[in-house]
Colleague: 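Mind having a look at this structure? Questions to follow.
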Amino acid sequence: MAQADLSSPARLQQAAVPAMTPLRRFLMRFNRLFDDARLLPVLLIAPVLIFFIVWNVIPTLWMIGLSFYRYQISIPDSLAFLGIDNYTDIIRDRAMWQGLSRTFIWVFFGVGIQTLLGMVLGFLFWGSKSMPGRRLALTLLFTPMIVTPVAAGLFFRLIYEPTFGILNWFTQSFFGQEVLLLQNPEVAFWAVLFVDIWMWTPFMILITLAALASVPKAEMEAAEIDRLSWFDRIRYIILPHGKYILMLGILLRTIDSFKTLDLVYLMAVPGSTTKLIAILLRESAFEALNVGWSSALAIILLLTAIAFTSIYLYILNLNSKAKAKEVAT
Amino acid sequence: MATEIRMEKLRCAFGQTIAVDDISMTFPAESVTCLLGPSGCGKTTLMRMLAGLQDPTSGEIYFGDQRVTDMTPSERNIGMVFQYPVVYRGTTLFQSVELPLTRDKSVSKEERKRRVEDILEQLNLTHVAHEDVTTLDNATRQKAAVARAVARQPQIILFDEPITNVDVAAKVQLKRALKGLVKQHSQTIIYVTHDQTEAMTLADEIALMDNGKIVQRGKPRDIYNNPNNRFGGWFLGNPGMNFVEHTIVNHDGGQHLGAPLFRQPIPLQAVHGLSNVVVGIRPERVNLGEETPAAVKGVILRSSLVIGGQYLVSLKIGSTMIKAKTTRNDLPPPGESVWVTCPLEDVKLFTPAGERIDMK
């Protein structure tokens, strides 16, 4: 009896078209939205756009606004319009200039040494394709990059520690000499920079290897047959092909290096020479709670970073234009 | 004074694949040898081993009396032109050609300049000599690569399919330039190609390669006229040789060839222990339209005009299909039959396995 019921035409029809519940109607309308060719891209990009506006555009605009006010959270009713006073104040502040020049030195030497070392080591790895244990060595070489800066800072603080650090144990047992690194204002900066280089050289090795992979094999073989010197091979083949990727790596490192905070903050000893601009910004914003003034400083730093990036992008763009022209002819 | 290239049991295997299979031979000095074969026959691998870009699995290579098997490409002192036109970026064409020469301390600056100018003149490149190489087209870049290989005056120059990546119009010009160049210089030249017309025009000698082995060597004409095996007959010529299997018939106490290609039994000699032979004849040697004593009737299936005013005709003789090339334009239309003669002097015989049988 039940079987006959199941196979009846009325029953089948009912199974094929389910009842129109309000939820179903809503879902159908919602699905239809995606059929519209103009609406679809907007819908797809919307989540990112909303995120970007809420978390980037609004805070930045807010910050630009705040930078023209005196606003200190710790003092009630401190809000007052100052015009560009915050900016002129920063420009007159010697400590800021020191912090900024220190940061430039940090970026210049940090990224410079990372790039040079990375290129040299990258070359060695590239040229040692048949070396046994190459994969393991590469993996080991990349470990500093995956260590979080906080951990790296803490480790090196312990290594540099004058009383029980391993570095001093070495120098004392072999040379009978105590070495003060973080406590000595003259070398503290370089001791911290060393950790940054230790951490980020692997990244530049990776970039160098990627750049080398973009060099056509036939050109390297031709150079080998033509007996070109290694200097000429780098100049006429490797750099012309690899420079795009290399520049991108340098750009990423520069932006990252410019905003270094965690490592220096963890390793710095009060009153030392390691106060990068980001440290000063942190102090004024989160210790002195001087929000208006900090906003002005942040805007200046943002503009500096944008200027940096633009120079690189300009160079990269020139290159890609030259390449496009080459392809066209 | 150039050197010969000698290979002894040269072998190269990539895993299970044997690219070059125990080749022992000598490429003579001061001549152009074309390594000709279909894609994947191992000719490029052989070339790369000669250049030192690929390590042989086993075997030896000698340049003259010198063993070079373990030498790096730089130490071998050769010139090479790649399939992909290589120019050095950021240089003018002149500088790109001059660059390898600057490493040779025995060549003075004036001599260097003279040599580069000479070769650019020969290759008709003088007008673009001071242009940035990256602005040049592929054909000009490839010419620059040729100039670079020749200017250093090495004893051996290797060409690895140099005109494959050049567009059709520039191909003819580049081929002509290469021909002029190889005639003037007395280096030992190995030229790898899969293009038979290239090999026919440039080579003093062709080495035909198939499946990692050299199947035949000889002057272009000889290889064309007397292929050692079915592969040579099929690969050379456009289209390749016709192959028709024939059963040997016993007639009057001797062995004879009969249908389908021959009307009267043709006596055979020196075919022992075979019941079948393969008859090979080049399409251009098939005679159409005249009734000769040996002629058989064939039905024209298709006829098309090819370059040079020749017709390529597909024929059906009994159940056998063959192709013929003719300049006659008075042939009947498709569907009608025509007299077909295979002149005996142009017929080659092969064993069923594909080896040539020498006929008296």
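In what follows, chains carry the letters A, B, and so on, assigned in the order in which the sequence lines appear, proteins first and then strands, with residues in each chain numbered from 1.
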Colleague: Output, in order, the C-alpha distance, side-chain angles, deciding distance and verdict of ring pair (Phe, Tyr, Trp, His ring centres under 6.0 Å) for A/Phe109 and A/Phe189.
Modeller: CA-CA 11 Å; A/Phe109 282 99; A/Phe189 178 83; 8.3 Å; no

Colleague: For chain A, which residues from residues 42-52 of chain B lie under 4.5 Å away (heavy-atom distances)?
Modeller: B/Arg48, B/Ala51

Colleague: Taking atom types as modelled, find out whether B/Gln95 and B/His130 have a side-chain donor-acceptor pair closer than 3.5 angstrom.
Modeller: no

Colleague: If I measure from the heavy atoms of chain A, does B/Val87 come under 4.5 Å with its side chain, its backbone, both, or neither?
Modeller: backbone

Colleague: So does B/Glu111 pair up with B/Arg114, basic N to acidic O under 4.0 Å?
Modeller: yes

Colleague: Is it true that B/Glu161 and B/Thr164 share a donor-acceptor pair across their side chains at a distance under 3.5 Å?
Modeller: yes

Colleague: Look at B/Arg141 together with B/Asp137 and state whether they make a salt bridge at an N to O cut-off of under 4.0 Å.
Modeller: no

Colleague: Side chains of B/Thr193 and B/Asp195: donor-acceptor distance under 3.5 Å anywhere?
Modeller: no

Colleague: Is it true that B/Tyr191 and B/Glu198 share a donor-acceptor pair across their side chains at a distance under 3.5 Å?
Modeller: yes

Colleague: What's the spacing between B/Phe63 CZ and B/Gln155 CD if we round to 0.5 Å?
Modeller: 10.0 Å

Colleague: May I ask you to say whether B/Glu8 pairs ionically with B/Arg6, meaning some side-chain N is under 4.0 Å from a carboxylate O?
Modeller: yes

Colleague: Would you call B/Asp118 and B/Arg115 a salt bridge, taking side-chain N to carboxylate O under 4.0 Å as the test?
Modeller: no

Colleague: Which residues from residues 135-145 of chain A are near chain B, with near meaning under 4.5 Å between non-hydrogen atoms?
Modeller: none

Colleague: According to salt bridge (charged side-chain N to carboxylate O under 4.0 Å, His left out), does anything in residues 204-217 of chain A pair up with another residue at least two apart or in another chain? List the pairs.
Modeller: A/Lys217-A/Glu221

Colleague: Under a plain distance cut-off of 3.5 Å, with no hydrogens placed, do B/Glu60 and B/Thr69 share a side-chain donor-acceptor pair?
Modeller: yes

Colleague: Please indicate whether A/Ile45 has more than 12 foreign heavy atoms, meaning atoms of other residues, nucleotides or ligands, lying under 6.0 Å from its CD1.
Modeller: no

Colleague: Of all the residues in residues 231-238 of chain A, which have a heavy atom that comes within less than 4.5 Å of a heavy atom in chain B?
Modeller: A/Asp232, A/Arg233, A/Tyr236, A/Ile237

